[in-house]
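Worksheet: one structure, shown below.
The basis for the numbers below is simple: all heavy atoms, side chains too, and nothing from hydrogens, waters or symmetry mates. It should be emphasised that the depicted structure is a prediction, and the values quoted were computed from it without experimental measurement. In what follows, every chain begins at residue 1, and chains take the letters A, B, ... in the order their sequences are listed.
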Protein chains: 2
Amino acid sequence: MAAPPTIKEIAKRANVSIGTVDRVIHKRGKVSKKNQKLIEDIMSELNYTPNVNGRNLSLNKTYKIALLIPEEIDDGYWSAPLEGVKKAQNIFRSSNLAVHYYLYKKDVEESFQEKSNKILNDDCDGVIMAPQLYNEANLFLRKCAERSLPFVLIDFNLSDMEPLTYIGQNAFQSGRLAGELLSLGKNESSTFLVMNITGKGDKNVIFRRRIEGFQSYLNEKLKDFKVEVFSIFAGDIALKQKINEKIQKVIPDLSAIFITNSKSYLIADCLPQNESIRVLGYDLLMKNRALLKDGKIQMLIHQRPIDQGYMAVECMYQYLVTKQKPPEEIVIPLDIVTPENAMFY
Amino acid sequence: MAAPPTIKEIAKRANVSIGTVDRVIHKRGKVSKKNQKLIEDIMSELNYTPNVNGRNLSLNKTYKIALLIPEEIDDGYWSAPLEGVKKAQNIFRSSNLAVHYYLYKKDVEESFQEKSNKILNDDCDGVIMAPQLYNEANLFLRKCAERSLPFVLIDFNLSDMEPLTYIGQNAFQSGRLAGELLSLGKNESSTFLVMNITGKGDKNVIFRRRIEGFQSYLNEKLKDFKVEVFSIFAGDIALKQKINEKIQKVIPDLSAIFITNSKSYLIADCLPQNESIRVLGYDLLMKNRALLKDGKIQMLIHQRPIDQGYMAVECMYQYLVTKQKPPEEIVIPLDIVTPENAMFY
DNA sequence: TAATTTGCTGTGTACGCACACACTATTACG
DNA sequence: CGTAATAGTGTGTGCGTACACAGCAAATTA
């Protein structure tokens, strides 16, 4: 096990000083062509990689990473990536990484703008964000790109902004999975009810893709069935009433309910307590967990929000500290959660 | 954002030299009680953590981690943790971590002994292993404990050996989950067939626990059912024939088949092609993936072997490099894999 | 020709820590 | 009383890198 080559070693072989080698490594010029070439050759021959400890010690720089996500209010979704980030911080803390939180009020443009401006002023080295408010997010990311401030996106991708990495799921396939799980063991002709309860700042793109996937699966595998899509605004005053009406109307041959996002808990009371009607939703919020436990919902698709937060920091570490390029996209698996495996997620 | 406290800073506050502080940190004694206390107080007040870069630079030590698992031969299970280890290596490479592979011939005691002895001679700093050969593993781990060589166990726990960390699943709950998934949508009276195909070096303990969990779930939730457990040695010459006979015997009211380990692929040909008979097995080997795709199996429980490898290295990093204590146990979630989400695992 | 610029190179220091070593009091003992 | 052991303390060096700075010769300018 040969000791890894050092700057000193290279300098000795090239018969120059470490300063000259350093100039080559950092491409600061002011080196004669002859030496330039010589040193480069030796470096590639020895397969030189800078010692990270030495580098960081000498730079003595703590990279500042901004986390820009909605603040936790009622539903618990955004506390999960935060938890993952904290976990990662704990592991990478000793490695010159500091994460600063910029939590804005969900769906409030002004709050987003305020926090995102703060990031630009605070001279950060990287941004981790979930693009909730589409327009504002775009505007902000454009500014980041201008200053060549690297950013990692979680939850939803804006691929034309060319993020360092996107971490999230495949919405279409997630819908297909829902179709598979809800039709499992059901052969008789029946109706599938899709509940699309949308909040203000929600990215309907995702939900739409999920529904498309859902229908794609059923079309492919089932013969005699009906799909009814029911979209409604989460803030609707008569929410529960309208949903109840809808369910009553289709219940005679209702086979399963597909709730396209994490909002299952909003309609818990409306769900039929008929054993043969299967219900599937998204995300392991505390309230949704309770529904699983009570048997009101049979399955949830889990997006690993904690891991998303963790991996985002990991990517930043890779990029900033070890100077490696993280993968362009990390696809989160579609975890199926039932009462019997919920405790592990 | 105050700069993190350094040894120098502490020394200044305590009015001593950095040497004295150093002695306190490393508990090397030779410090007066008064100063000892004073320095400890200041350290906890400032919440001092040594700078990892400085430490490692000065130690200039590359930690050598031994990976002791079966070599990849026919089935692909053990290539997965290896892959995870490599992934982790890539990320932590720059951090004084080197993993050395000690791959032994599966189920061959002599090979295990040879490799494990090599580890002891090679002066490693940590061991990652999967305890396959029970007696040999015990013997080896005892020697590790003697030399206070830390080890992380994956896949199967020997908790009385007090590993640094155990990474794996809960076998009992995994059986319960199998019960839930196989009985989903089945109310009529029916028979559940449990296929327990054991290899030579296999740890039947795990399979037994899985079966117990399976039965526990059915007893709790179903009324009218029968469970038949069929155990057989994987090397049995008449394997397929015997299994075929068994299946034919129960097929009239056979509802589902539970294969207790990764060996589904061995009996692929025997599986009934009846849509209403659901089959569930373990582990995403290539061959099992094919069964999923062909519809011969509906579900697999995934043990995240890649992650197990990755996390094992991560634990070692935490323990050796950053000197933090990793969690005693990391419970791997019970992932449910179906044809529609298999591509993400 | 002297003065200045330019191109290239080497030196020195800092970063935070670990550890070997040297040093000073204090105490013990013959 | 002198020598030796001992407890407690400070100093110095090295780890590998980054970067400011100084130096020095050749080329250019005044």
Side-chain angles (χ1 to χ4, degrees), chain A residues 2-40 42-43 46-63 93-98 125 320-323, chain B residues 2-40 42-43 46-63 93-97 125 320-324:
Chain A
T6 69
I7 274 197
K8 210 198 257 173
E9 170 73 13
I10 293 171
K12 203 165 74 184
R13 295 213 190 194
N15 230 336
V16 296
S17 74
I18 56 172
T20 307
V21 177
D22 181 70
R23 258 161 301 220
V24 173
I25 291 173
H26 295 90
K27 302 187 173 122
R28 290 207 228 91
K30 310 204 170 185
V31 177
S32 67
K33 288 227 168 97
K34 198 193 83 196
N35 276 339
Q36 172 92 24
K37 173 103 176 55
L38 177 61
I39 290 169
E40 275 169 356
I42 294 178
M43 284 205 307
L46 262 51
N47 193 15
Y48 168 79
T49 9
N51 177 306
V52 176
N53 296 311
R55 158 181 292 167
N56 288 323
L57 184 58
S58 116
L59 282 177
N60 193 26
K61 160 153 193 163
T62 295
Y63 295 101
R93 171 181 38 140
S94 32
S95 312
N96 316 57
L97 265 208
D125 303 286
L320 295 174
V321 181
T322 76
K323 313 286 180 196
Chain B
T6 69
I7 274 197
K8 212 199 257 170
E9 170 72 13
I10 294 171
K12 204 165 74 184
R13 294 214 191 194
N15 229 335
V16 296
S17 74
I18 58 172
T20 306
V21 177
D22 181 70
R23 254 159 264 148
V24 173
I25 290 173
H26 295 89
K27 304 194 172 117
R28 294 212 216 85
K30 311 204 172 186
V31 177
S32 68
K33 291 231 167 90
K34 199 190 85 199
N35 277 337
Q36 173 92 25
K37 174 103 176 55
L38 177 62
I39 290 169
E40 275 170 355
I42 294 177
M43 285 205 305
L46 261 51
N47 194 16
Y48 170 79
T49 11
N51 177 306
V52 176
N53 295 312
R55 158 180 293 168
N56 288 320
L57 185 58
S58 131
L59 283 175
N60 192 28
K61 161 154 193 161
T62 295
Y63 296 101
R93 169 180 41 137
S94 33
S95 312
N96 316 57
L97 263 210
D125 304 287
L320 294 174
V321 181
T322 76
K323 313 287 181 195
Q324 296 174 276

Describe the nucleic acid contact of B/Asn56 in one word from base, sugar-phosphate, nothing, applying a heavy-atom distance below 4.0 Å.
nothing
Nt span of DNA chain D in reach of chain B heavy atoms at under 4.0 Å, 5' end first, is D/dG8 to D/dG16
Specify the closest pair of heavy atoms between A/Ala98 and A/Thr62, including all atoms of both residues, with the distance to one decimal.
CB-CG2, 3.7 Å
Tightest non-hydrogen contact, residues B/Tyr63 and B/Asp125, listed as CA-OD2, 3.4 Å
Using the closest heavy atom to pick a nucleotide of DNA chain D for each, name whichever of B/Gly29 or B/Leu57 lands nearer the 5' end.
B/Gly29
Heavy-atom check, side chain of B/Arg23 versus side chain of B/Ile39, under 4.5 Å
no
5'-most contact on DNA chain D (nearest-nucleotide basis), A/Arg55 vs B/Ser32, goes to B/Ser32
If you measure from CG on A/Asn35 to CD on A/Glu40, what distance do you get to the nearest 0.5 Å?
11.0 Å
Quick check: are there more than 12 heavy atoms from other residues, nucleotides or ligands sitting under 6.0 Å from NZ of A/Lys30?
no
Name all residues meeting the side chain to side chain donor-acceptor pair (under 3.5 Å) criterion together with A/Asp22; count only those two or more places apart in sequence or in a different chain, and write none if there are none.
A/His26, A/Arg28
To the nearest 0.5 angstrom, please state how far the CG atom of B/Leu97 sits from the CG atom of B/Asn56.
9.0 Å
Nearest 0.5 Å please: distance from the CG atom of B/Asn60 over to the CG atom of A/Asn51.
7.0 Å
Over the length of the helix from C/dT1-D/dA30 to C/dG30-D/dC1, how much do the five-pair end axes diverge, rounded to 10 degrees?
60°
What residues 9-27 of chain B contributes to the DNA chain C interface at heavy-atom separation below 4.0 Å is B/Asp22, B/His26
Supply the atom-to-atom distance B/Lys323 NZ to B/Thr49 OG1, rounded to the nearest 0.5 angstrom.
14.5 Å
DNA chain C: first to last nucleotide in contact with chain B (atom under 4.0 angstrom from a heavy atom), 5' to 3', is C/dC15 to C/dC19
May I ask you to test the A/Ile42-A/Tyr48 pair for a side-chain heavy-atom distance under 4.5 Å?
no
Any side-chain to backbone donor/acceptor pair from B/Lys27 onto B/Val24? Under 3.5 Å, distance only.
no
So which heavy atom on A/Ala11 is nearest to which on A/Ser17, and how close?
CB-C, 3.7 Å
Determine which pairs satisfy salt bridge (charged side-chain N to carboxylate O under 4.0 Å, His left out) with at least one residue from residues 3-14 of chain B, sequence neighbours left out, and list them in order.
B/Glu9-B/Arg13
